[in-house]
Amino acid sequence: MAQASTNMRLKLPITCFILEIILIILFGVLVQYNHETDAKEWYNETQSGHSNYENDFYYRYPSFQDVHVMIFIGFGFLMTFLQRYGFSSVGFNFLIAAFSLQWATLMQGFFHGMHGGKIHIGVESMINADFCTGSVLISFGAVLGKTSPVQLLIMAMFEVTLFAVNEFVVLSVVGAKDAGGSMTIHTFGAYFGLVVTRILYRPNLDKSKDRNSSVYHSDLFAMIGTLYLWMFWPSFNSAVTAHGDAQHRTAMNTYYSLAACTLSTYAMSALTAHDGKLDMVHIQNAALAGGVAAGTAGEMMLTPFGSMVVGFLAGIISVLGFKYLSPILEKKLKIQDTCGVHNLHGMPGILGAIVGAVTASVATVEIYGGGMEAVFPDVADGTIDASFQGVRQAIALAVTLGIALLGGLIVGFILKLPVFGAPPDTVCFEDSIYWEVPGEEPGHEDQLTAVRMEECDKLNG
Amino acid sequence: MAQASTNMRLKLPITCFILEIILIILFGVLVQYNHETDAKEWYNETQSGHSNYENDFYYRYPSFQDVHVMIFIGFGFLMTFLQRYGFSSVGFNFLIAAFSLQWATLMQGFFHGMHGGKIHIGVESMINADFCTGSVLISFGAVLGKTSPVQLLIMAMFEVTLFAVNEFVVLSVVGAKDAGGSMTIHTFGAYFGLVVTRILYRPNLDKSKDRNSSVYHSDLFAMIGTLYLWMFWPSFNSAVTAHGDAQHRTAMNTYYSLAACTLSTYAMSALTAHDGKLDMVHIQNAALAGGVAAGTAGEMMLTPFGSMVVGFLAGIISVLGFKYLSPILEKKLKIQDTCGVHNLHGMPGILGAIVGAVTASVATVEIYGGGMEAVFPDVADGTIDASFQGVRQAIALAVTLGIALLGGLIVGFILKLPVFGAPPDTVCFEDSIYWEVPGEEPGHEDQLTAVRMEECDKLNG
Amino acid sequence: MAQASTNMRLKLPITCFILEIILIILFGVLVQYNHETDAKEWYNETQSGHSNYENDFYYRYPSFQDVHVMIFIGFGFLMTFLQRYGFSSVGFNFLIAAFSLQWATLMQGFFHGMHGGKIHIGVESMINADFCTGSVLISFGAVLGKTSPVQLLIMAMFEVTLFAVNEFVVLSVVGAKDAGGSMTIHTFGAYFGLVVTRILYRPNLDKSKDRNSSVYHSDLFAMIGTLYLWMFWPSFNSAVTAHGDAQHRTAMNTYYSLAACTLSTYAMSALTAHDGKLDMVHIQNAALAGGVAAGTAGEMMLTPFGSMVVGFLAGIISVLGFKYLSPILEKKLKIQDTCGVHNLHGMPGILGAIVGAVTASVATVEIYGGGMEAVFPDVADGTIDASFQGVRQAIALAVTLGIALLGGLIVGFILKLPVFGAPPDTVCFEDSIYWEVPGEEPGHEDQLTAVRMEECDKLNG
């Protein structure tokens, strides 16, 4: 691949400044406080009988902060497993998340319905913006180590837009339910990213293979990411469900799904890995698949039993994917999936979508009672019956896969333009190409890198 | 000790799969949503006048998440201080916690009272399951580095069961109060684990002594665990107290107890350690003793002054334990307590029980007013007087110690059966026996380990 | 500078014990539960119509815990960037924070108004104590690596006292608003610390310059601190605002300010740093300036647009400060600012104060409606007009700077007394002077340190 200079001296500042200034202008023109964050409007509500504790802040802010930790610490540190890519993993995660959440506020606001030409925002829109950001970070996992920060920002810009379109179609046009985003977040982010990394295929990536692995401490840093994702996934899936039993039930279903998933992950890791030894890649990733798979059905009356079955299967599928499917995808389909997002987000996301469709289709008034309205409003008011809600869920999965694959295709080709400063094949998975890296005791490894860096500097003229 | 193969290829998957499948079946048969997580039941409650913000989720979920972080990050990273046992510390902590919280849901549900043959669950049962898990992780600290993951799962299975029995006797039969678990969690977990490690005594453990210590970065990882435990202990102690003033007061008492404990810990560490230099072992552990010691009396009208006195003493006792008592326990009583749980959970737990008994026995209506009922219901309704509540607390401590010691004895002998794949004395405190460990620059240390690993591989045939 | 022995064997225990015993006695004499933590009083409130969910605990405890994480993990790990000062960064941060929050409870309680000679405490006073502690930790950043723990405790004792005086003057006498503490916390802490480090100027500090820098893993640990500060800053700024819309709005304004700040920080870092490579110092620090700068105006009707403009400017100013101003301050003004607190807390704090003054002065009833009272009570009731509120804000900034500079001057000279065991110039930024440091593979670097340690041991006789 013909490479432009990887020097970010002008490319990155220009991209960041243009994007941020556009964001600020659009926020100035389009965005307003909603009735719960506006001093005058909320005061008027309290005068007409509402109490401060009814402000949505108190229902959702703790969940928001848990989701926020998942986005910045969870995703950021999960990707620090690479031995020489910790700065980029945490740092680019930070950059594209900070951009995406602003852009998502606008895109989702536009599709969720404007109020007199204005987008109204509050804690729920903040959570939704973080959700959309999560999808971008999943795609980041697929291309990790092989892209420049400018490429990532361009990808985020397009992906956020397409995410908002897909979310609108799935939730508002098709009328599917997907509170924890098995489809809209995980399936979308994974397949979008997989197509992008396919288009950006690097036949000579094995020139960087010595850096495409972990060291002891980098695996411990990655476990910080894993555990925060695992612990707070119940908050993630329940963050935007209806108040009361729905939020409570979703968190609990997710908790049990994850616990069951963890046991099947450890079992499968020891069973499939060399010499019966556990593989950190499985523990760091597959143990989370139970959260992904409970993303759609978590708010439904899935029962703790059902949640555990789902989590149990998700862990098995995910480990098998890492062990047997990923090598095939790489060799046969030329999909270089750095973090294995297909195994953590792709297949478990589809599993979650199917579980959601089945669970929806068997919903009855006997089980849900008056609570049917909060979960399936169209079933509750008789517009459709439950089996058709299941069909809606299946359509939503198909739509999501379609938009993700097509979107990833187009965006992949855009990112392939040789102007964004992608690293050469010899210096992938390496922080020092984009970061000032402090010295450590110089060893054999660093000398090898130094040689390769020269190659890179030559390109930068 | 005659050793079976340490190869986990079949042992671990079989154990995990059997346990998880039993869990799933029992959940299917026995477990139901409670009235706050069930769509129909909560809807009916809202129809009869309850508001969504009265759902227990909003009172307890933030505390639950703090407790959850303590269990998975707090305990997990606290134990990463060992130089070559970070994967196992975090990873086995993760595995046995994920198992224990499911098993605890069943055991505690059984003893806390079934509803028409069913266990009803919600956020409070999730907190209680995490609490029970905490007790298992304390015992894990005593045997850290010397046990296989299968041994740990077997230990967890028995310990969770005995925990539920003891908790039932202490809270429901004896009628003691122990919201933060000085007795039921800390004293129980510590003495159970100490007896287990005594039974599993390894006379030749010094063959692994070069790995039974920290390195610079492992001590920093451990501080992540320490600080999360310290910060969230107020949430831990208050997580299942009565709503309102009780939850508020318990969190505050614990906050001041921990602050005072930190100052006495630093003072004692400098005073007792070599050359007046601070010892990371003390800071990582003894500074937390104030949380343990406020576990029983935290919900009572202990006053901030009383809390600080308790914390201050706990820090002193704990450092003295690390410095002077632990070496004696090891040499004279053959108790090899890897993490020093006797100093962090054992003695401070007993201190907390005594403080609880004294504080209960001096409770008066003058101090508690109508709030007496939430804290001491039997004193409030005249069934007993306060001094007898103190006696109940003392009996509860004795019962806890008895069940812990006897239970640990039996379980220790079960774990000694040479079928669970425990590591040989020469390869304790070493991740590579159970984990694929990534390469680092090979040094002198690793070559020594390699030699020892051969020994181990021979056993594995 | 003539140095006393750096041995802490007696100095540190004596200081800790005296301080803690004084604290315990004063708490015993002066401190009581407030009406929401007292069993009797809260029970009486519930009898007169209040519900448990109206207890301030449920409004503020999640925010408190976020602030608590910022204080102990955020500040603590942010300072671990130094290669050989991780134990001290996290450990001294822990010690002085645990002391400061107790002392702040007393000092702030005294100035915030006693109740019949007693200080009443609850979750709001706990947040305020943590806020005051944050100010001390900012000053700690300026002197990091060059002070003994005893010096730090003495500094904390004086600084907390002066903080409480300044806070009282700013909020109660002048009548300014400063919910997130742009002035009272950040400006105060930064300029106080800068004057202290100026007084403690070490002309020969370059003898320790090889340790005054990061290594690869220490920068990753520091990113844990950065991200927790960044994620929870919305909770920080909103923790003590009025319930309802004010808390909700403040969190949201801060969220957008930080997001915009992150993009301008990355842009400026690439633009100004060597070869277009990103500098971890900027990312770790300047990306947080948006939180500081939204500290005063965050609760006002700043609009998301206004918040983003403020954050955008704060990031630019902060990176420019690190790049161009810090070297000048060090060379010309002899201010050795280890963490660059002038760039993260000083200038952005002043920016935040100015933004607050401007935003206050343009407040109208048209914008705030009945909500004016919660934000600007004196404007709402007609005592003053909005422009005068702006004047008050400006006066508050001047007062804060005056007290910080004068206080820092006096305390700096006190700390210069050669009795507190400060490290010699040759062994600054080095853990092993105050900590038992575990061995690592000995390398060239450690041998150099060993030579310097001998020098130090000679002083210790």
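Note that the structure is predicted; figures quoted are calculated from it, not measured. Each chain gets a letter, A, B and so on, in the order its sequence line appears, and its residues count up from 1.
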### Query
C:Tyr58 vs B:Tyr59 aromatic rings, parallel, tilted or perpendicular, using cut-offs 30° and 60°?
perpendicular

#### Entry: Option passing ring-ring contact (aromatic ring centres under 6.0 Å, His included) with C:His68 (candidates B:Trp233, B:Tyr255, B:Tyr228)
B:Tyr255

### Query
With a 4.5 angstrom heavy-atom cut-off, which part of C:Asp66 approaches chain B: side chain, backbone, both or neither?
neither

### Query
With a 4.5 angstrom heavy-atom cut-off, which part of C:Val437 approaches chain B: side chain, backbone, both or neither?
side chain

### Query
Using non-hydrogen atoms only, which part of C:Ile224 is less than 4.5 Å away from chain B: side chain, backbone, both, or neither?
side chain

### Query
Quick one: what part of C:Leu26 sits under 4.5 Å from any heavy atom of chain B, side chain, backbone, both or neither?
neither

### Side chain B:Tyr266, main chain C:Phe94, donor-acceptor under 3.5 Å
no

### Query
Does anything in residues 313-320 of chain B get under 4.5 Å of chain C by heavy atoms, and if so which residues?
B:Ile316

### Task
Measure B:Ala273 against the heavy atoms of chain C and call it side chain, backbone, both or neither at under 4.5 Å.
backbone

#### Entry: Pair B:Glu373-C:Tyr43, side-chain donor/acceptor within less than 3.5 Å
no

### Message
Using modelled atom types and a 3.5 Å cut-off, is there a donor and acceptor pairing between side-chain atoms of C:Gln65 and backbone atoms of B:Ser63?
### Response
no

### Query
So, do B:Tyr256 and C:Phe27 have ring centers that fall under 6.0 Å from each other?
yes

### Query
Measuring heavy-atom distances to chain B, does C:Asn52 have an atom under 4.5 Å in its side chain, in its backbone, in both, or in neither?
both

### Query
Which region of C:Ile21, side chain (C-beta onward) or backbone (N, CA, C, O), has a non-hydrogen atom less than 4.5 Å from a non-hydrogen atom of chain B, or is it both or neither?
side chain

### Message
Centroid separation under 6.0 Å, is that true for the rings of B:His248 and C:Tyr33?
### Response
no

### Task
Please state whether the side chain, the backbone, both or neither of B:Val365 comes within less than 4.5 Å of a heavy atom of chain C.
backbone

### Task
May I ask you to check if B:Arg249 and C:Phe57 form a cation-pi contact, with NZ or CZ under 6.0 angstrom from the six-membered ring centre and within 45° of the axis?
no

### Query
Which bit of C:Asp38 is near chain B, if near means a heavy-atom gap under 4.5 Å: side chain, backbone, both or neither?
both

### Task
Count the heavy atoms belonging to other residues, nucleotides or ligands that lie under 6.0 Å from CZ of C:Phe110, then report whether that count exceeds 12.
no

